[in-house]
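Before any comments, here is the structure.
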Amino acid sequence: MRYPFSEIESKWQKYWEENKIYKTNLSKTDNKLYALVMFIYPSGAKLHCGHWYNYGPTDSWARYKKLKGFNVFEPMGYDAFGLPAENYAIKTGIHPFDSTMTNINDIRQQLKKMGCMYDWNSELMTCVPHYYRWNQWLFLQLYKKGLAYRKNAPVNWCPKDQTVLANEQVQSDGTCERCGTVVIQKNLTQWFFKITDYAEELLEGLNKINWPEKTKTMQRNWIGKSTGTEVKFKVENSEEIITVFTTRPDTLFGVTYVVIAPEHPLVDKLTAKEYKEKVAAYRDSIKSLTEIERTSTVKEKTGVPIGAFAINPVNGERVPIWIADYALLTYGTGCVMAVPAHDERDFEFATKFNLPIRKVIIENGTKADERLESAFTEAGEMINSGSFNGLNSDDGIEKISDYLEQKNLGKRKTNYRLRDWLISRQRYWGTPIPIIHCPKCGEVPVDEKDLPVELPYDVEFNPSGESPLASNKNFMNVKCPKCGSDAKRDPDTMDTFVDSSWYYFRYLDPNYYDTIFDTSLAEKWTPVDMYVGGAEHATMHLLYARFIHKFLRDIHYANSDEPFTNLIHQGTITNQGAKMSKSKGNVVNPDEFTVEFGSDVFRLYLMFMGPYELGGDWSDKGIAGTDRFVQRTCELFSRFPKILEAVQLKSKFEISLLNSEEKSVYRKINQTIKKFDEEINNFRFNTAIAALMELLNELNKNIEKCSKEIQAYTLERYGVLLAPVAPHLAEECLQIIGRGESIFKNAEWFEPDAEALIEDVVNIAVQINGKLRTTIQLPMNSEQNEVKNAVFSDEKVIKNLDGKQVVKEIFVKNKIYNIVVR
RNA sequence: GCCGAAGUGGCGGAAUUGGUAGACGCGCUGGACUCAAAAUCCAGUCUGGCUCACACCAGGUGCCGGUUCGAGUCCGGCCUUCGGUACCA
């Protein structure tokens with residue numbers, strides 16, 4: 001008989017729900033374990049294999065921990081705001097709220113069919129006022145501390161659609177995803193969160209969390225800490241000062257020109273009359289080309305001189321000032337001292353424009369007057385550097401910095417690549433920004449007691465050149481809270497990464513009304529112990545959440561420094577080499593498989609495919625293997641109905657009293673417990689399941705020849721091992737053999753019998769000159785002399801040693817005996 | 001360009017601190033059951049050589065070299081694939 005998965009899965013899902021098996025008692029906090037998977041974006045595409053791959057195995061890990069005795073909290077919710085719902089509305093006319101709600105209802109049903117142990121009491125969605133009002137509250141707290149501010153920033157603008165585009169809506173050739181028009185940059189006044197204030201702590205904190213090294217490296221690079229020195233250059237015939245940032249003050253004597261970012265305000269002040277025209281033309285040229293050229297291949301550097309000259313503070317030399325697009329306004333001071341001899345970019349630029357290249361550091365073994373073929377960027381001996389000549393350049397960095405600081409010509413400075421977080425979105429489907437713009441008072445924050453600023457239902461989504469909310473007069477027109485005069489709301493909404501940067505607190509009580517979340521629960525349950533989600537969030541969500549967590553700590557809402565103690569990235573499941581996406585039409589629908597094989601089989605298959613962190617290309621070849629495993633398991637248990645009731649259950653057997661099949665089975669079940677435990681604990685699901693398969697093979701071979709006591713002992717343990725990875729099947733199997741209640745109601749985990757883990761005999765590999773010649777079977781822990789006797793009396797060894805001289809013998813207990821001959 | 005990860009049978013993939021390469025599964029081949037097929041069960045399955053067969057021999061973890069009694073694992077140099085990043089001074 002085939003395992004009737006459909007009946008059995010719904011039977012147990014119903015049982016779990018009715019008996020509230022997965023409702024976590026949050027007041028019990030000893031042994032708490034917060035297991036979290038990144039919440040789901042409820043798009044119309046429903047659950048795909050990638051979701052399953054993320055949620056199924058993570059749930060198995062959480063179940064394993066529950067059986068191990070942890071009080072596990074595993075919630076699920078919906079990251080419900082966002083651009084795709086709005087784009088869908090533009091295309092179909094269906095309101096984002098309506099489509100999102102429909103999707104959530106569908107997805108909830110799909111999620112429930114997976115059979116995860118989510119605590120549905122904690123379900124949340126971000127698009128409802130009682131969630132997003134706390135985004136607004138959070139905004140106001142940041143605002144109060146000066147960490148939310150407004151400034152001009154460029155956005156991607158499609159001139160045809162008259163709309164702002166997110167970066168991912170701009171194609172690689174710089175055109176609009178929808179209409180193919182070339183996207184331009186437009187400046188708008190927008191809101192920022194000052195994440196840069198936390199740059200150093202965000203960097204330092206990485207040392208304290210157990211995250212994948214590569215993710216931490218990505219965050220480190222993203223934060224991009226760089227220590228150097230700011231140096232002041234006077235400008236000839238001007239009162240202005242150009243301050244440059246350099247990590248190589250040791251090369252200061254090699255400066256042959258200075259570069260300023262084209263958009264830098266100093267440019268207007270310094271440009272000589274006869275250069276104004278050329279400078280203006282250059283600035284125009286890069287404005288229109290930036291986005292296309294940035295994304296194209298390696299761009300050749302461009303620039304023009306502005307007809308002004310800077311004075312090198314250490315040698316008084318007069319060097320030309322240029323503007324060039326390789327100087328970025330947004331990094332450092334926006335000004336660069338150019339040392340072509342020792343910087344690749346400057347070298348390239350100087351070569352192109354025929355600017356002088358002066359060596360001030362020589363590479364060991366080269367001569368001072370040798371021509372440079374490329375920039376020499378490493379350390380060496382300083383030359384042409386006045387009193388600093390002869391120093392090693394590493395010392396020179398310190399000495400020149402000291403000199404500059406003493407003479408008040410510069411000072412040491414640390415810079416970060418990290419930029420502030422732009423949170424304004426000129427979109428409808430998001431959290432309204434709780435700010436009122438008053439013609440008299442300027443920007444006025446909405447009073448906390450007036451939150452939430454509700455997102456109105458009626459707006460015009462079709463792109464009109466401004467934020468959709470601006471079309472709703474009832475929403476936009478308000479009285480200024482300060483002076484009472486006519487004022488307008490901010491028409492923008494927040495980046496949805498704001499929603500996801502604190503949702504793990506809210507899960508603990510999603511209906512909490514008094515504050516952003518229940519802080520007393522948060523103190524006990526955060527940080528999240530295990531967080532599982534895609535690596536694509538490395539420098540966005542995972543950085544923003546760390547920032548907001550630290551901010552909440554600073555305003556005394558959280559008592560920890562980091563949100564996620566442990567982090568695991570599941571790999572990506574691709575299809576025909578490409579990421580699954582609706583637009584590529586390569587999405588694999590999991591229902592295909594769950595309908596045919598059941599959710600346990602599908603979950604098992606996803607786990608068995610390969611290492612969890614690697615993912616892989618989708619293939620359904622092999623799902624038959626996990627299906628067979630489930631069938632054979634069910635069949636095995638069916639042969640032993642109520643066996644647990646028929647015998648006196650023992651927790652340990654004396655191995656020496658067992659017959660050989662019993663010994664073999666007893667050893668195997670205990671070895672499997674040990675192996676499975678280690679593997680699943682470390683998210684190595686593929687090998688955990690392989691161990692169960694080995695066990696099943698052993699049982700099918702030998703269990704019939706065992707006593708009823710051994711059979712009961714083994715099957716009960718096997719059933720419990722199955723429970724994390726195939727929960728419905730395990731519940732059913734345990735019920736068949738007569739275990740009373742749900743294993744997840746009365747959590748239990750068996751420890752292996754240490755004595756059963758030890759074999760009495762081992763195979764020892766016999767090598768001659770490192771080549772395997774034979775293996776011999778000997779008692780466990782045989783000493784070298786015993787092994788030696790056996791080895792040298794072995795026929796094959798004798799044959800192979802014939803006429804040769806033994807030089808050396810290497811013995812590794814229970815493993816190897818290697819004879820070195822000449 | 002830079003940073004990171006990975007290259008093992010026909011396929012997905014296993015291999016503690018260097019110590020019997022290919023666990024487990026798919027697929028394939030042969031057999032049993034069946035009127036037949038499916039399903040199921042049993043056996044075989046890294047490659048080459050030799051053998052009726054058992055056995056035996058040689059080679060083998062992307063490529064080249066090194067360390068070692070012994071390397072998939074460590075070191076140096078390449079090649080390929082996949083992620084991340086884009087002039088950060």
Side-chain angles (χ1 to χ4, degrees), chain A residues 2 212-218 220-222 224-226 228 244-248 251 259 261 294-295 297-301 324-328 330-339 342-346 348-349 415-419 535-536 538-539 569 571-572 574 577 579 604-605 608-611 613-629 631-632 635 678 684 686-697 700 762-776 796 799 807-821:
Chain A
R2 262 189 76 81
E213 260 330 298
K214 90 174 170 184
T215 308
K216 294 204 271 187
T217 304
M218 277 168 71
R220 283 188 192 106
N221 293 340
W222 192 260
K225 182 178 182 173
S226 152
V244 303
F245 174 73
T246 181
T247 55
R248 295 293 303 271
T251 64
V259 188
R294 276 268 157 83
T295 48
T297 50
V298 200
K299 199 181 72 173
E300 201 170 312
K301 293 174 187 20
D325 56 353
Y326 81 94
L328 306 173
T330 46
Y331 184 78
T333 60
C335 307
V336 185
M337 62 179 225
V339 187
H342 305 294
D343 180 282
E344 279 160 29
R345 291 153 305 184
D346 298 341
E348 191 194 318
F349 193 82
N415 266 319
Y416 299 88
R417 205 193 79 121
L418 185 69
R419 304 288 150 78
E536 68 274 19
T539 52
H569 299 304
T572 313
T574 55
K579 221 178 208 168
L604 281 167
Y605 178 58
F608 187 59
M609 274 183 2
E613 274 138 303
L614 282 184
D617 204 46
W618 174 256
S619 157
D620 57 12
K621 280 196 189 111
I623 194 164
T626 45
D627 184 51
R628 266 172 221 152
F629 170 72
Q631 300 298 335
R632 296 169 73 203
E635 194 272 332
E678 280 169 8
R684 292 191 293 259
N686 55 332
T687 45
I689 290 165
L692 295 184
M693 288 172 166
E694 282 189 52
L695 172 65
L696 176 63
N697 291 340
N700 273 333
V762 283
N763 283 322
I764 292 178
V766 181
Q767 300 182 337
I768 292 172
N769 285 349
K771 282 193 175 175
L772 182 72
R773 289 302 164 192
T774 189
T775 61
I776 52 174
K796 282 178 209 147
K799 207 177 92 194
V807 187
K808 197 176 170 185
E809 288 161 57
I810 292 124
F811 173 66
V812 181
K813 207 179 209 176
N814 296 328
K815 287 227 163 108
I816 207 157
Y817 200 99
N818 188 12
I819 306 163
V820 186
V821 296

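Chain letters run A, B, ... following the sequence lines, proteins first, then strands; residues in each count from 1.
- Under the rule for a side chain to side chain contact (heavy atoms under 4.5 Å, CB included), the partners of A624(A) that lie at least two apart in sequence or sit in another chain are R628(A).
- Legend: residues meeting salt bridge (Lys or Arg N to Asp or Glu O under 4.0 Å) with D346(A), ordered by chain and number and at least two apart, are absent.
- Side-chain atoms of K301(A) lie closest to C87(B) of the nucleotides A14(B), C87(B), C24(B).
- Listed nucleotides C26(B), A15(B), U85(B) differ in distance to R628(A); the shortest reach to its side chain belongs to C26(B).
- Considering only the side chain of L772(A), A21(B) comes nearest among A21(B), C87(B), A89(B).
- Looking at heavy atoms from C-beta onward, I816(A) lies in side-chain contact with Q767(A) at the 4.5 angstrom threshold.
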With B for base contact, S for sugar-phosphate-only contact and - for none (protein heavy atoms under 4.0 Å), nucleotides 44-49 of chain B reads ------

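- When the ring-ring contact (aromatic ring centres under 6.0 Å, His included) test is applied to Y326(A), the partners found at least two apart in sequence or on another chain are F349(A).
- When distances run from any side-chain atom of T247(A) to the nucleotides A89(B), G12(B), G25(B), the shortest one goes to A89(B).
- Nearest nucleotide to the R345(A) side chain, out of G25(B), C87(B), G4(B): C87(B).
- Picking from C41(B), A89(B), U17(B) the nucleotide with the shortest atom distance to the side chain of K815(A) gives U17(B).
- Residue R419(A) has its side chain nearest to C88(B) when only G4(B), C88(B), U40(B) are considered.
- For residues 808-818 of chain A, every residue pair satisfying the salt bridge (Lys or Arg N to Asp or Glu O under 4.0 Å) rule, not counting sequence neighbours, is listed here: E783(A)-K813(A), K788(A)-E809(A).
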Dump every N/O contact between nucleotides 54-57 of chain B and the protein below 3.5 Å, one line per pair.
{"from": "C56(B)", "atom 1": "OP1", "to": "K796(A)", "atom 2": "NZ", "distance (Å)": "3.1"}

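- Between the side chains of T574(A) and D617(A), a donor-acceptor pair is found at a separation under 3.5 Å.
- The salt bridge (Lys or Arg N to Asp or Glu O under 4.0 Å) test applied to E678(A) returns K674(A), not counting sequence neighbours.
- Among the heavy atoms of the strands lying under 4.0 Å from T246(A) are primed sugar atoms or P, OP1, OP2 only; no base atom is included.
- Nearest to the side chain of R417(A), among A23(B), A89(B), U85(B), sits U85(B).
- Residues V336(A) and F245(A) are not in side-chain contact: their nearest non-hydrogen atoms beyond the backbone lie 4.5 Å or more apart.
- For N700(A) and C24(B), the CG to C1' distance is 15 Å, given to the nearest whole Å.
- Rounding to whole angstrom units, CH2 of residue W618(A) and C1' of C26(B) are separated by 13 Å.
- With C87(B), A15(B), U20(B) as the choices, the nucleotide that has an atom nearest any side-chain atom of Y326(A) turns out to be C87(B).
- For R345(A), the side-chain hydrogen bond (donor to acceptor under 3.5 Å, both in side chains) criterion is met by D343(A), not counting sequence neighbours.
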Atom pairs, N/O to N/O, protein against nucleotides 68-71 of chain B, distance under 3.5 Å?
{"from": "C69(B)", "atom 1": "O2'", "to": "N818(A)", "atom 2": "ND2", "distance (Å)": "3.4"}
{"from": "C69(B)", "atom 1": "O2", "to": "N818(A)", "atom 2": "ND2", "distance (Å)": "2.3"}

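- G62(B) shows a glycosidic angle more than 90° from 0 and is accordingly assigned anti.
- Comparing the P positions of G27(B) and C11(B) gives a spacing of 15 Å, expressed to the nearest Å.
- Heavy atoms of R220(A) sit nowhere under 4.0 angstrom from any nucleic acid atom.
- In terms of the ring-ring contact (aromatic ring centres under 6.0 Å, His included) criterion, residue partners of Y817(A) (sequence neighbours excluded) are, by chain and number, F811(A).
- Nearest to the side-chain atoms of T539(A) among the listed nucleotides U20(B), A89(B), U85(B) stands U85(B).
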Reading RNA chain B 5' to 3', what string of ( ), [ ], | and . shows its pairs, if Watson-Crick and G-U wobble pairs count only when both distances fall under 3.5 Å?
-> (((((((..(((......[....)))((((((.......))))))((((......))))..(((((..]....))))))))))))....

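- For T539(A), the side chain to side chain contact (heavy atoms under 4.5 Å, CB included) test picks out M218(A), W222(A), with sequence neighbours left out.
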